[in-house]
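Read through the structure below, which is laid out as structure tokens, and then see the notes.
Numbers restart at 1 for each chain; the letters A, B, ... are given by sequence-line order, proteins then strands.
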Amino acid sequence: MSEIDCQETKKHVHEYLHNELSEQELDDITAHLANCDSCEADYDLESTINHKIEEHCQEVPSAELLDGIKSRLQQILRGEAH
Amino acid sequence: MATLSMNMPFRARRLNSKQMSKTESPEDRKVRLFEEQAIPLMPQLYGAAMNMTKNPTNAEDLLQETMVKAFKAFNQFEQGTNIRAWLYKIMNNTNINTNVKAGKALGKTALDELEDWQIGGAESVTSVAARSAESEAIDAMPSETVKKALLELPDKWRMIVYYRVVDGLSYAEIAQVLEIPEGSVMSGLHRGKKMLRNLLLDYAREEGYKVGEEE
């Protein structure tokens, strides 16, 4: 395991939270976070923001829209078949 | 003749399974696979369309146009490759075309040339206590504030943040959808998230939270 510093750790916050790191990098950062309150607080903040976006920025389509699109595809299908 | 069944679940076919295995025509097969693979992704695609167009009417049009194009082009979809990325890419290109026709195409915005100071909030060394206060303030924010902040991001960053955080697309998938290198996805995410954080902290400050005071 190699030692990494705060600057390096802070730089990788998104890759870490989104699971886009190699196992080695993941281990190094996890070890650093365990011993560094400052980096941990930074990671917590980014993680909080992610959860808020995930929770509040989903949009649900109406059933009418989905049915309407299926009907449209149905029409296309009929047009192609004839 | 192939039919697209209208009642959910789509897999409930008129043909029974024995007939299906024996007599499924290429056309039937196409319809069946489209129903299995593409149709269930419509709600997720709608979310992305809303985030792209910022408007329900445009999002509905965009989703419909995307599904029609995808259906017509489905023979060109290579089975076994990533259907989600394929559909998102069609949607993204459809949106770009719509904007070009409407004269709304964003010229090459100088996004990549934005300096860090323009995004706001230098990478200050903030105390642990201050960071915790920021997390708490953001955690307490109402839904509308979070939505509003996300919509304030420049289009490209907003989409990258949305694809990754809400839809769970990997960096590689986002790169494929937006036709940009993975490095650009990464830097877009970093910068988009940074701007978002600063916007959220601005709101928090307006609400009277004592956050973001640089030390």
- Message: With heavy-atom distances below 4.5 Å as the criterion, would you say the side chains of Ile53(A) and Lys147(B) are in contact?
- Response: no

- Tightest non-hydrogen contact, residues Val31(B) and Leu77(A), listed as CG2-CD1, 3.6 Å

- Note on the structure: Of the listed Lys52(A), Glu54(A), Lys10(A), His51(A), the one with the largest count of heavy-atom pairs under 4.5 Å with chain B is Lys52(A)

- Query: Non-hydrogen atoms of chain A under 4.5 Å away: do they reach the side chain of Ile138(B), the backbone, both or neither?
  - Reply: both

- Show your reasoning for whether salt bridge (Lys or Arg N to Asp or Glu O under 4.0 Å) applies to Arg131(B) and Asp44(A). CA-CA 9 Å; Arg131(B) 274 281 181 266; Asp44(A) 281 347; over 6 Å; no

- Of the backbone (N, CA, C, O) and the side chain (C-beta and beyond), which part of Leu63(B) lies under 4.5 Å from a heavy atom of chain A, both, or neither? both

- Side chain, backbone, both or neither: which part of Glu46(A) has a non-hydrogen atom closer than 4.5 Å to chain B? both

- Query: Can you list the steps and then say if Met42(B) with Lys70(A) is a side chain to side chain contact (heavy atoms under 4.5 Å, CB included)?
  - Reply: CA-CA 10 Å; Met42(B) 282 205 294; Lys70(A) 286 175 215 160; 4.0 Å; yes

- Search all heavy atoms of Pro61(A) against all heavy atoms of Pro43(B) and return the closest pair with its distance. CG-CA, 3.7 Å

- Could you tell me the separation between the OG atom of Ser132(B) and the CG atom of Asp37(A), rounded to the nearest 0.5 Å? 9.0 Å

- Message: Looking at Glu152(B), I'd like to know if its CD atom is crowded, meaning that more than 12 non-hydrogen atoms belonging to other residues, nucleotides or ligands lie closer than 6.0 Å.
- Response: yes

- Message: Quick check on Lys148(B): does its NZ atom have over 12 non-hydrogen neighbours (other residues, nucleotides or ligands) under 6.0 Å away?
- Response: no

- Query: So with a 6.0 Å cut-off around CD of Glu78(B), is the heavy-atom count from everything else above 12?
  - Reply: no

- Query: Are there residues of residues 11-23 of chain A that reach to under 4.5 Å of chain B by heavy atoms, and which ones?
  - Reply: Lys11(A), His14(A), Glu15(A), His18(A), Glu20(A)

- Return the option, out of Met186(B), Met141(B), Met67(B), Arg164(B), with the maximum number of heavy-atom pairs under 4.5 Å with chain A. Arg164(B)

- Query: Can you find a pair of side-chain heavy atoms, one from Thr48(A) and one from Glu134(B), that are under 4.5 Å apart?
  - Reply: no

- Note on the structure: Rounded to the nearest 0.5 Å, the SG atom of Cys57(A) sits from the CE atom of Met50(B) at a distance of 10.5 Å

- Item | Worked check of side chain to side chain contact (heavy atoms under 4.5 Å, CB included) between Leu65(A) and Tyr46(B) | CA-CA 10 Å; Leu65(A) 174 66; Tyr46(B) 175 77; 3.7 Å; yes

- Message: Quick check: closest heavy atoms across Leu73(A) and Val68(B), and the distance to 0.1 Å?
- Response: CD2-CA, 3.9 Å

- Ile49(A) side, atom CD1; Lys194(B) side, atom NZ - distance, nearest 0.5 Å: 12.5 Å

